[in-house]
Each structure stands twice: as structure tokens, then as C-alpha cells.
Amino acid sequence: MTVTVAAGGSAVTPARRVYLPTFGVAAATAGLVWYAVATLERQGSLGRVLALGRAELVAPAVVVVVAVALVCERLWPADGRREVTAGLAHDAGYLLVHLTVAVPIMTLLSVAFGSLLAFHARWMELGGTASWPRPALFALTVVLMDAGNWLAHWADHRLEPLWRFHALHHSQEELNVLTAFRAHPLSHLAGFFLATLPVVVLVGDREVAPALITGYVCVGTLSHANVPWTFGPIGKVIVSPAYHRIHHSPQGALGLNLGVVLTVWDVLAGRARFPNPAAPACATGLAGRPVPVEESGLELRTLLAQLGEPFRARRGGQGRAAAPS
Ligand SMILES: [Zn+2]
Ligand SMILES: [Zn+2]
């Protein structure tokens, strides 16, 4: 085995310089994506399914929400920054990664989990839901999908290999609406597994109304906007930008306000911290900057370093976010 010697004189093996569990997450994601591609190619529907996924996740409504939020951030910034910050410019790079890499991966993970669960766990399908009123069935499915996403987000903060990917999302110190897309393309494994479960149980191989999924994505995107909106009484139920900003504070990253669209799961878990409209906006980012942070705008080198960071061993342990006491 090759052994190199670090500057400090201690022997460092290649195995010690990498964090192997994240390679396992990457391999599992790659395997599932390959399975979905093979399945869809056999059916001759790969292009159609990828286009459908893109239409749901990057629908015109999502584009409108982003555009309006970008204007509102200039008019009423929560943190007082009206200019185009380095963080916003850098997150525009992540929007590109999202569109070209993450959206196809998310769509294919959804297909893979749906297909595997329907094939190997048909017993999970709840019989008789076909006769339920469709709006009620779809609304219940989306609420349970949100519960699945909450659980996956909790796991992102509790389990070291998942946190190493999720930390990139929390590294933004100038939170803005495009931070919604600042996610590692390999960070979606747990979320899509847990969000697919209620679809298989309730809807089977029928499709959830695309408009509901798009609406869900819109709320989850808007919650990152740098605006002080609490949504008033509605904000007690729906995640507002002010509520999600607390999750992006160094303290929130310890496991507060994990909700994606509904706050109820945080309330039930004792993790909800509702914003005080009179209080100044909290700072965002991670204490100690375990993930490199851009300094001057869209920096390709920093972006690549951020994407590669989960695979590197960290000095003094991996620095997992812990649960709040
Ligand atoms: Zn977020
Ligand atoms: Zn988080």
C-alpha cells in the first residue's frame, strides 16, 4: 500500500484521507440510477420520464417563484443586503448543477424506488384507495411525503455519511432563494426513498397530480428567500422564509426547524422554533466553516472543492451536526 507522509511528519495512508462511507452512498445512488435507466430503456420511456420529472421540478411556477423572490430580496432583504452577493452568484452555479445533474438523478431515484418497492413490496399497497376522492387522496399523499422528507432531513442531520453531503446546503452564509438549489447531487438518497413510500402505499402505480408536486417544490424553494416574511398565522403551519432561516443558523443546523413545507413534524418532535418578527435576521452558515465558502462570487474551484468535500476525511473527526439538547 502507498503511504505518504504529511507535512507534520505523521504517516497518512490514502484510506485515511478519504471518508469511505460517503463512497457507499455515492455507489448506492449510482446503482439505483443505473437500475432506473435500464428499466426505462427497456420500456422505451427514458426520455419521456426525464421530461416529466423536469416539468414537475422545474415547472414555470417554480421559475416565477424564484424570479419574484429575487426581486423581493432586493426590496425587503431580511439581512439588509440589497446587492448581488457572492453567495447569490455562487448559488447560480448550483442552479446549473441542479438543472443538469440533480433533477435527472432525483427523477431516476424516484423511478427506482417506486419500481423496486412496487415489485418487492406489493403488500405495502393499500387496497381500495382507487375509490377515494382524488383530491383528498393526493393531498394526504403529499402530507405523508412531507413527513418522509422531514424524517430524511432529520437523518441528514443525525447520520454522519448523510450529513457530509447535506452540510453543503448549510454552508451558505448569504442565504437567498437560489440556496434551495445548493444541494449536493448525491444528497437525495434518503429523501427520495422515504418520500416514495407513501406514494407506493396510497397511489400505487398511478401518478400523483403534478401540480401538487410543483406547489410543494415552490414552497420549499421560497422558504430560502432572504426576506423577513413569517407568513403570520399561516406560518404556524407552513414553513416560511423566517422559519427556515433559523434552520440555516449555526444553532439551527444542530437540528431545529427541519420541516420542508409543514411545521407540524417539528412541533411534534419538539424541534420547532418560530421566528420573532421583531428580532433581527439571524446569521446563517456553519460554525468553523467545515465546508469551503466562496468569497467573490461564482468560483468554479470552490464549487468543485465543495462537491468533493464529503469524500475527504476531516481532521479531528467528521464534525457531524448533533441534536439540540
Ligand atoms: Zn434549506
Ligand atoms: Zn438541514
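All values derive from a computational prediction rather than experimental measurement. One-based numbering, in listed order, for ligands and for the atoms of each.
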Salt bridge present between [X] and [Y] (N-O < 4.0 angstrom):
{"X": "D266", "Y": "R271", "answer": "no"}
{"X": "E160", "Y": "R314", "answer": "no"}
{"X": "R164", "Y": "E309", "answer": "yes"}

query: Given NE2 of H247 on one side and NE2 of H153 on the other, what angle do they make at the Zn ion (ligand 2), to 10°?
result: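 That angle works out to 90° after rounding to 10°.
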
message: Tell me which N, O or S atom from H244 is the closest to the Zn ion (ligand 1).
response: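 Looking at H244, the N, O or S atom with the least distance to the Zn ion (ligand 1) is NE2.
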
message: Any heavy-atom pair between the side chains of L186 and F311 that's under 4.5 Å?
response: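 Yes. Closest side-chain heavy atoms under 4.5 Å.
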
- prompt: With a cut-off of 2.8 Å, does H169 place any N/O/S atom under that distance from the Zn ion (ligand 1)?
  reply: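 Here the distance criterion (N, O or S atom, under 2.8 Å) is met by H169, so yes.
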
query: Closer than 2.8 Å to the Zn ion (ligand 1), do we get an N, O or S atom from H224, backbone or side chain?
result: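 It does; at least one qualifying atom falls short of 2.8 Å.
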
For the Zn ion (ligand 2), the closest N/O/S atom belonging to H170: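 That would be atom NE2.
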
Check residues 24-45 and write down every donor-acceptor pair under 3.5 Å in which the side-chain atom is one partner and the other belongs to a residue at least two apart or another chain.
{"unit_1": "T29", "atom_1": "OG1", "unit_2": "V25", "atom_2": "O", "d": "2.9"}
{"unit_1": "Y35", "atom_1": "OH", "unit_2": "S115", "atom_2": "OG", "d": "2.9"}
{"unit_1": "T39", "atom_1": "OG1", "unit_2": "Y35", "atom_2": "O", "d": "2.7"}

query: Is the distance from the Zn ion (ligand 2) to some N, O or S atom of H248 under 2.8 Å?
result: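 No - counting backbone and side chain alike, H248 has no N, O or S atom under 2.8 Å.
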
